[in-house]
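What follows is one structure encoded as structure tokens, with my remarks underneath.
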Protein chains: 2
Amino acid sequence: MFYQKLLPFIQSSTKRTYKRSQSIYMEGEEPQSLYLVKSGLIGLYHISESGKETFLRVFAKDSIFGHRSYFAQTPYHANAIALSESEIHIISKEQCNEICENHPDLLKELMKIISLELGEAEQRLAGLLDKSANTRIRESLVFLKLKYPQKVWTRKEVADFSGSTLETVTRVMTTLSNDGLIQKNGRDFKILDVDKILHYIDSAQG
Amino acid sequence: MFYQKLLPFIQSSTKRTYKRSQSIYMEGEEPQSLYLVKSGLIGLYHISESGKETFLRVFAKDSIFGHRSYFAQTPYHANAIALSESEIHIISKEQCNEICENHPDLLKELMKIISLELGEAEQRLAGLLDKSANTRIRESLVFLKLKYPQKVWTRKEVADFSGSTLETVTRVMTTLSNDGLIQKNGRDFKILDVDKILHYIDSAQG
DNA sequence: CGTTAGTTTGAGGCAGATCAACTTTGGTGG
DNA sequence: CCACCAAAGTTGATCTGCCTCAAACTAACG
């Protein structure tokens with residue numbers, strides 16, 4: 001795996017800790033390094049002038065981030081924010097260059113990662129146009145909670161990820177809970193029936 | 001530039017011609033090659049089960065496509081369709097492998113291309129959520145027509161690119177034409193005042 | 001010129017955003 | 001351990017952008 005191959009470079013790298021809501025980098029800044037998540041959860045957010053927040057990507061243990069801007073050679077197009085207490089390895093530009101020059105296998109691995117990310121982004125782009133908010137919210141609940149079960153996802157985070165609002169997320173969750181498809185525990189929740197959540201007949205689109 | 005570096009590999013590659021609306025590859029197929037546009041215009045489309053078409057990317061002279069699926073090692077996630085008569089070089093999987101193994105500079109170049117594409121996709125994703133259809137249509141008109149002026153863009157193509165409908169595109173274009181910001185010539189149109197088109201006060205969002 | 005693909009215009013409806021007021025949760029410190 | 005309070009969640013009522021459906025029109029090409 002990618003992370004394994006990267007290990008030798010991490011030995012000599014800086015490690016930093018971030019608390020929830022702390023920013024690792026901000027849109028517009030020049031990329032100076034790559035980041036590797038050692039523990040915790042990082043969210044990549046786009047924030048528009050009007051203040052609308054869009055939750056673009058999640059990074060968990062062993063994921064890298066900051067790679068897009070590094071290779072595009074453009075300023076960051078979004079903000080990286082800790083979603084929970086996180087430890088991050090910071091890989092310097094010099095180390096990155098060394099990797100690129102002398103480790104084509106790692107480069108190819110990175111290529112695969114970014115290709116998958118582009119696929120996901122375009123899939124979501126299309127989904128925003130042909131799926132109802134209700135459907136997107138249900139898919140996001142399943143995706144986020146099954147992939148990162150330890151995290152207590154807020155309604156706002158689900159809303160920003162699904163492209164909706166926290167009020168609408170609340171309403172969908174209330175319905176799902178009443179139908180016994182999820183179980184609410186305080187602010188947290190549990191997925192009870194993945195299939196029914198995803199195949200729920202959405203009156204908005206049959 | 002990328003295209004220049006790729007030239008040696010193209011000499012021995014197959015060349016094919018596609019008519020407007022002809023498909024180069026379809027979603028779900030296994031990637032067998034990379035494609036390089038020699039002339040014409042290619043559109044990458046996602047088509048949902050309900051039939052909704054989303055226009056993801058445009059490829060003009062000297063752009064490659066098919067690279068995302070090739071490196072992600074997944075089936076194509078979208079359809080590549082000729083938007084006008086086009087000549088395409090087809091670079092075989094074997095040649096691709098050879099490039100990856102022995103030409104890290106080309107690989108890094110590809111990395112940059114795909115990083116920029118991911119940035120654009122995520123920018124558009126966020127735009128769908130915080131900009132009105134009206135704004136997105138005006139931006140798309142400017143982007144598509146200024147970047148590819150020779151192409152007579154249909155209302156449907158603009159709609160699929162902006163995430164809207166052809167009726168709404170028609171209405172926006174009628175307004176812009178009445179205000180003297182674009183000039184309609186039959187089915188084609190000309191951009192007259194980029195700044196005013198983009199800074200148009202959208203009553204929907206100020 | 002006939003035919004098809006593309007465009008225009010109108011009328012109607014609704015998903016879900018927005019605004020607002022209230023309740024609950026869970027961490028903090030006295 | 002309890003009281004407090006900021007952060008998060010709930011619920012209701014309203015409003016609208018623009019999608020959808022429908023029907024008539026026109027460009028462009030063989």
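Values below: every heavy atom of this structure, side chains too, minus hydrogens, waters and symmetry copies. Protein chains get the first letters and strands the later ones, always in sequence-line order, with residue 1 at the start of each.
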Contact list please: [range] against DNA chain D, heavy atoms, distance less than 4.0 Å, in numerical order.
range	value
residues 160-170 of chain B	B/Ser164, B/Thr165, B/Glu167, B/Thr168
residues 184-193 of chain A	A/Lys184, A/Arg187
residues 39-55 of chain A	none

(request) Applying ring pair (Phe, Tyr, Trp, His ring centres under 6.0 Å), name anything that partners B/Phe189, two or more places apart in sequence or on another chain. (result)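 Per chain and number, B/Phe189 pairs via ring pair (Phe, Tyr, Trp, His ring centres under 6.0 Å) with no residue.
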(request) Quick one: list whatever passes ring pair (Phe, Tyr, Trp, His ring centres under 6.0 Å) with B/Phe71, sequence neighbours left out. (result)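 Checked B/Phe71 against ring pair (Phe, Tyr, Trp, His ring centres under 6.0 Å); zero matches.
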(request) Go through the structure and list residues passing salt bridge (charged side-chain N to carboxylate O under 4.0 Å, His left out) with B/Lys15, not counting sequence neighbours. (result) B/Glu87
(request) Report the residues that fulfil salt bridge (charged side-chain N to carboxylate O under 4.0 Å, His left out) with A/Arg20, sequence neighbours left out, ordered by chain and then residue number. (result)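 By the salt bridge (charged side-chain N to carboxylate O under 4.0 Å, His left out) rule, A/Arg20 matches A/Glu157.
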Show every donor-acceptor pair shorter than 3.5 Å between a side-chain atom in residues 141-148 of chain A and any protein atom, with sequence neighbours excluded, or say none if there are none.
{"from": "A/Lys145", "atom 1": "NZ", "to": "A/Pro149", "atom 2": "O", "distance (Å)": "2.8"}
{"from": "A/Lys145", "atom 1": "NZ", "to": "A/Lys151", "atom 2": "O", "distance (Å)": "2.8"}
{"from": "A/Lys145", "atom 1": "NZ", "to": "A/Asp188", "atom 2": "OD1", "distance (Å)": "2.8"}

Taking atom [atom2] of [N] as reference, at what distance in whole Å does atom [atom1] of [X] sit?
X	N	atom1	atom2	result
B/Lys156	C/dT4	NZ	C1'	17 Å
A/Asp130	D/dT20	CG	P	11 Å
B/Met173	C/dG6	CE	P	14 Å
B/Lys19	C/dA5	NZ	C1'	18 Å
B/Leu83	C/dA5	CG	P	17 Å
B/Trp153	C/dT7	CH2	P	13 Å
B/Arg171	D/dG17	CZ	P	14 Å
A/Leu128	C/dG16	CG	P	12 Å

(request) Kindly state each residue pair satisfying side chain to side chain donor-acceptor pair (under 3.5 Å) with at least one member in residues 167-183 of chain B, sequence neighbours excluded. (result) B/Thr165-B/Thr168
(request) Consider only side-chain N and O atoms of B/Ser48 and B/Ser50, and report whether a donor and an acceptor are under 3.5 Å apart. (result)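 Note: B/Ser48 and B/Ser50 side chains meet the donor-acceptor criterion.
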Just verifying a value: how many Å separate [X] [atom1] and [Y] [atom2], rounded to the nearest 0.5 Å?
X	Y	atom1	atom2	answer
A/Lys184	A/Leu176	NZ	CG	9.5 Å
A/Thr17	A/Gln22	OG1	CD	9.0 Å
A/Leu129	B/Ser162	CG	OG	8.5 Å

(message) Would you say B/Thr174 places a side-chain N or O within less than 4.0 Å of OP1 or OP2 belonging to C/dT9?
(response)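 For C/dT9, OP1/OP2 do have a side-chain N/O of B/Thr174 under 4.0 Å.
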(request) Answer yes or no: does a side-chain N or O of B/Arg155 lie under 4.0 Å from OP1 or OP2 of C/dT8? (result) yes
(message) I need the full list of salt bridge (Lys or Arg N to Asp or Glu O under 4.0 Å) pairs touching residues 47-75 of chain B, with sequence neighbours left out, sorted by first then second residue.
(response)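 Residue pairs with at least one partner in residues 47-75 of chain B: A/Glu122-B/Arg57, B/Glu53-B/Lys156, B/Arg57-B/Glu117.
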(message) When the axes are fitted on five pairs at both termini, how much does the helix from C/dC1-D/dG30 to C/dG30-D/dC1 curve, in 10° steps?
(response) 50°
(message) Students often mix this up, so state it plainly: with edges at 30° and 60°, are the rings of A/Phe55 and A/Trp153 parallel, tilted or perpendicular?
(response) tilted
(message) What contact category does B/Arg20 fall into here, base, sugar-phosphate, or nothing, at under 4.0 angstrom with non-hydrogen atoms?
(response)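 Touches sugar-phosphate only.
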Donor-acceptor list for residues 25-37 of chain A side chains, cut-off 3.5 Å, not counting sequence neighbours:
{"from": "A/Glu29", "atom 1": "OE2", "to": "A/Met26", "atom 2": "N", "distance (Å)": "3.4"}

(request) Determine whether B/Tyr18 and B/Ile42 make a side-chain contact, defined as any pair of heavy atoms from C-beta on separated by less than 4.5 Å. (result) no
